[in-house]
2 protein chains.
Amino acid sequence: MSTEDKFDALFKALGHRARRRILDLIKDGPQTTGTLCATLTDLDRCTVMQHLSVLEKAGLVVVERRGRERWNHLDALPIHDVQNRWIGPYAAQAITMLGDLERLGKTDASLVKADDNSET
Amino acid sequence: MSTEDKFDALFKALGHRARRRILDLIKDGPQTTGTLCATLTDLDRCTVMQHLSVLEKAGLVVVERRGRERWNHLDALPIHDVQNRWIGPYAAQAITMLGDLERLGKTDASLVKADDNSET
DNA sequence: TTGACATGTTATTCTTTTATAACATGATTG
DNA sequence: CAATCATGTTATAAAAGAATAACATGTCAA
């Protein structure tokens with residue numbers, strides 16, 4: 001797999017809220033598939049497993065098998081690579097082109113403030 | 001659009017290499033759609049425009065219309081939000097769970113070194 | 001004002017994802 | 001060892017994404 005393939009897999013894995021939710025759930029410690037399914041009541045068990053497999057292919061989840069249980073561990077290292085190649089450099093860029101965009105009437109001072117769910 | 005919708009749009013926009021290529025192309029200054037198409041010879045003009053519209057909806061591209069030209073500007077501010085909500089916190093996590101994963105035999109010391117295109 | 005040019009729009013096709021169902025396996029516990 | 005439980009596998013339908021074609025619009029420059 002090329003580096004570009006890896007970034008494809010990573011961004012795509014992060015591109016679904018259910019998968020981001022899973023990451024948040026295992027952030028503070030691994031969980032079994034069963035526990036995850038019990039939490040994600042809006043999703044079918046099969047759907048959760050499919051999402052886990054997408055996360056696993058992206059390298060964000062590492063599986064540890066214990067008896068008949070499957071413990072899903074977070075591996076945040078790939079996110080480090082995203083940081084180095086994409087986020088860091090572009091975050092820097094965000095500053096240098098501020099004036100440029102303001103001239104275009106884009107006054108949006110960035111979007112995330114709180115976790116509001118009510119806008120357009 | 002909720003915050004989650006915005007992250008969906010952002011990660012999905014970043015999840016295609018053609019769009020990441022476009023971002024890199026306009027990183028150091030805006031380009032017209034025509035110029036971009038001339039560079040991205042492997043893509044149809046319509047495809048490039050579709051990608052631009054995905055980037056625009058994600059807030060990563062801001063359009064300035066000048067006569068019959070369309071200048072595509074990069075707006076890296078949304079990436080800032082990705083950094084704050086996802087990358088930063090998870091990059092921190094990457095350190096605390098290192099030992100945990102090493103016990104699972106995951107020795108992969110992160111993936112991106114150079115832009116090799118030859119592995120599995 | 002007319003022809004060339006840069007871009008836009010709509011529709012269509014093909015592929016990939018997402019969600020679910022039905023069935024299968026392998027471990028645990030009484 | 002037999003029933004139960006946690007997880008896996010395969011197949012299928014619905015939805016979303018990607019690539020292209022054909023046609024449309026608005027601008028510039030002679």
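Computation of the quantities below employed the complete heavy-atom set of this structure, encompassing side-chain atoms and omitting hydrogens, waters and symmetry-equivalent molecules. Just so we're on the same page: letters track the sequence lines, and every chain starts at 1.
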In this structure, how many angstroms lie between the [atom2] atom of [N] and the [atom1] atom of [X], rounded?
| X | N | atom1 | atom2 | answer |
| --- | --- | --- | --- | --- |
| A/R17 | D/dA16 | CZ | P | 12 Å |
| A/M49 | C/dA24 | CE | P | 16 Å |
| A/R68 | D/dA3 | CZ | P | 16 Å |
| B/D44 | D/dG17 | CG | C1' | 16 Å |
| A/E56 | D/dT7 | CD | P | 14 Å |

Side-chain N or O of [X] closer than 4.0 Å to phosphate OP1/OP2 of [N]:
| X | N | value |
| --- | --- | --- |
| B/R70 | C/dG8 | yes |
| B/T47 | D/dT20 | yes |
| A/H51 | C/dA19 | yes |

Is a donor-acceptor contact shorter than 3.5 angstrom present between the side chain of [X] and the base of [N]?
| X | N | value |
| --- | --- | --- |
| A/R65 | C/dG26 | no |
| B/R45 | C/dG8 | yes |
| A/Q50 | C/dA19 | yes |

Candidates B/D75, B/L74, B/V54, B/I26 - the one meeting side-chain contact (heavy atoms from CB on, under 4.5 Å) with B/V61
B/I26
Is it the case that the side chain of B/T39 and the backbone of B/T35 share a donor-acceptor pair, with hydrogens and angles ignored and the cut-off at 3.5 Å?
yes
Out of C/dT7, D/dT7, D/dC28, which nucleotide sits closest to the side chain of B/E69?
C/dT7
Parallel, tilted or perpendicular: which describes the rings of B/W86 and B/F7, with under 30° parallel and over 60° perpendicular?
perpendicular
Considering every strand and a 4.0 Å limit on heavy-atom distances, what is the contact class for A/R66: base, sugar-phosphate, or nothing?
nothing
Using salt bridge (Lys or Arg N to Asp or Glu O under 4.0 Å) as the criterion, point out the one residue from B/K12, B/R19, B/R20 that pairs with A/D8.
B/R20
